[in-house]
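Read through the structure below, which is laid out as structure tokens, and then see the notes.
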Amino acid sequence: MLVKDYVDVSVRRAILESFTPRDFALAIDGARVVLEYTPEHTTKNPADSIIRDNLHGGSCWTLHGSQGQFGIATLTPILPMNVTIDHAPREVVEDIHQAPRRVVVWGVVEGPSNQAKYAEFRSSLEYSLERRAPPRNSGQTFIALSAFEYDVNSPRYVQTFPVFDGVLESRMSFGVFVFEIESNWGAPTTCVYRARLHGRGTIRCVSLTLRRFSS
């Protein structure tokens, strides 16, 4: 493929990938990083780079090692449907092996309505995971919303994954999420460029947990 043809294909793909569902995890729309669920032993860019629309090389948030987690609070609770992980294209990053590989996304179960739904749908919301919460959990009740593998060999560097069917059926809403990185592709550090949360907004007021983390 000629260089011009490669550039044309890349531009068309970037345009198509820009038309993704609304991202509730954008800082400009009121989302924020929850420091209680986010480690401090990182380098370079601050953790809130994860919730900003920026894929320039070197702009990632770096974790020491192949495992870690970060928390995101949306402005108001949402009914989650999909999650997205962005990474810079292989052609522009120094080491593609820094990309996340296995990822679990958790939601904090809060409020009487959600606690009731959790009790009702608990059997269908339990999955083949060894744990019921991320390592940093503050004693809160968590539920796994999605588990997937980011594929560095895919031509698409923006990859979207569905939440579990049981979560959709329960119609539980969440205002605080934790992305747990269980592994990367073999590098001594892990680089996260952006995480997105897609779904539908609710008319509920901002959750107690979100208010607590916002204070």
Side-chain angles (χ1 to χ4, degrees), residues 20-39 47-48 50-52 61 68-86 100 102-129 131-148 150 159-182 192 194-215:
T20 57
R22 177 183 173 183
D23 177 16
F24 287 87
L26 268 178
I28 196 172
D29 287 338
R32 66 190 65 205
V33 169
V34 181
L35 297 179
E36 186 169 347
Y37 299 139
T38 306
D48 66 0
I50 296 170
I51 55 176
R52 300 185 184 279
W61 178 64
Q69 68 177 67
F70 55 90
I72 296 176
T74 53
L75 180 62
T76 57
I78 67 170
L79 300 172
M81 300 178 69
N82 298 281
V83 298
T84 295
I85 292 291
D86 296 32
R102 293 292 306 169
V103 179
V104 178
V105 180
W106 303 86
V108 177
V109 180
E110 54 181 335
S113 176
N114 282 327
Q115 291 287 354
K117 292 175 182 177
Y118 176 70
E120 179 182 357
F121 288 89
R122 185 168 183 173
S123 60
S124 63
L125 293 172
E126 291 182 345
Y127 309 102
S128 56
L129 299 174
R131 294 164 292 100
R132 292 190 177 181
R136 290 191 176 202
N137 54 63
S138 301
Q140 298 285 335
T141 300
F142 278 84
I143 189 67
L145 305 178
S146 183
F148 53 86
Y150 181 89
Q159 299 176 22
T160 300
F161 308 90
V163 303
F164 294 125
D165 290 340
V167 174
L168 291 175
E169 294 169 2
S170 73
R171 296 189 61 79
M172 295 173 65
S173 60
F174 301 89
V176 179
F177 302 80
V178 170
F179 285 70
E180 180 187 358
I181 300 171
E182 294 188 313
V192 183
R194 182 177 171 187
R196 312 189 199 192
L197 294 164
H198 312 294
R200 288 186 292 177
T202 68
I203 59 174
R204 280 178 49 197
C205 295
V206 178
S207 65
L208 291 175
T209 300
L210 180 54
R211 289 202 298 271
R212 176 163 64 88
F213 289 131
S214 301
S215 59

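Quick caveat, the model's predicted, so the values are computed rather than measured.
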Taking all non-hydrogen atoms of both residues into account, name the closest pair between [X] and [Y] and its distance.
X      : Y      : answer
Pro80  : Met172 : CD-O, 3.8 Å
Val104 : Ala144 : CG1-CB, 4.4 Å
Thr202 : Leu79  : CG2-CG, 4.0 Å
Ala47  : Thr38  : CB-CG2, 4.0 Å
Asp23  : Leu26  : OD2-CG, 3.5 Å

Are side-chain heavy atoms of [X] and [Y] found at a separation under 4.5 Å?
X      : Y      : answer
Leu197 : Ile78  : yes
Tyr118 : Thr141 : yes
Val83  : Phe177 : no

Member of Gln69, Glu36, Glu180 meeting the side chain to side chain contact (heavy atoms under 4.5 Å, CB included) criterion with Arg136 |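 With Arg136 as partner, Gln69, Glu36, Glu180 yield a single side chain to side chain contact (heavy atoms under 4.5 Å, CB included), made by Gln69.
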Would Thr160 and His198 count as having a side-chain donor-acceptor pair, cut-off 3.5 Å?
->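 Absent: no donor and acceptor within the cut-off.
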Is atom CZ of Arg131 surrounded by more than 12 heavy atoms (other residues, nucleotides or ligands) closer than 6.0 Å?
-> yes
Geometric class of the Phe148/Phe161 ring pair [parallel <30°, tilted 30-60°, perpendicular >60°] |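 Ring orientation of Phe161 relative to Phe148: parallel.
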For Asp48, side chain to side chain donor-acceptor pair (under 3.5 Å) partners two or more places apart = Arg52
Does the separation of the ring centres of Phe142 and Tyr37 fall below 6.0 angstrom?
->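 Yes, ring centres under 6.0 Å apart.
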Could you list the residues that satisfy side-chain contact (heavy atoms from CB on, under 4.5 Å) with Ala195, not counting sequence neighbours?
->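 By the side-chain contact (heavy atoms from CB on, under 4.5 Å) rule, Ala195 matches Ile50, Phe70, Ile72, Ile85, Phe179.
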Can you measure from CD (Glu110) to CD (Gln115) and round to the nearest 0.5 angstrom?
->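 That separation rounds to 9.0 Å.
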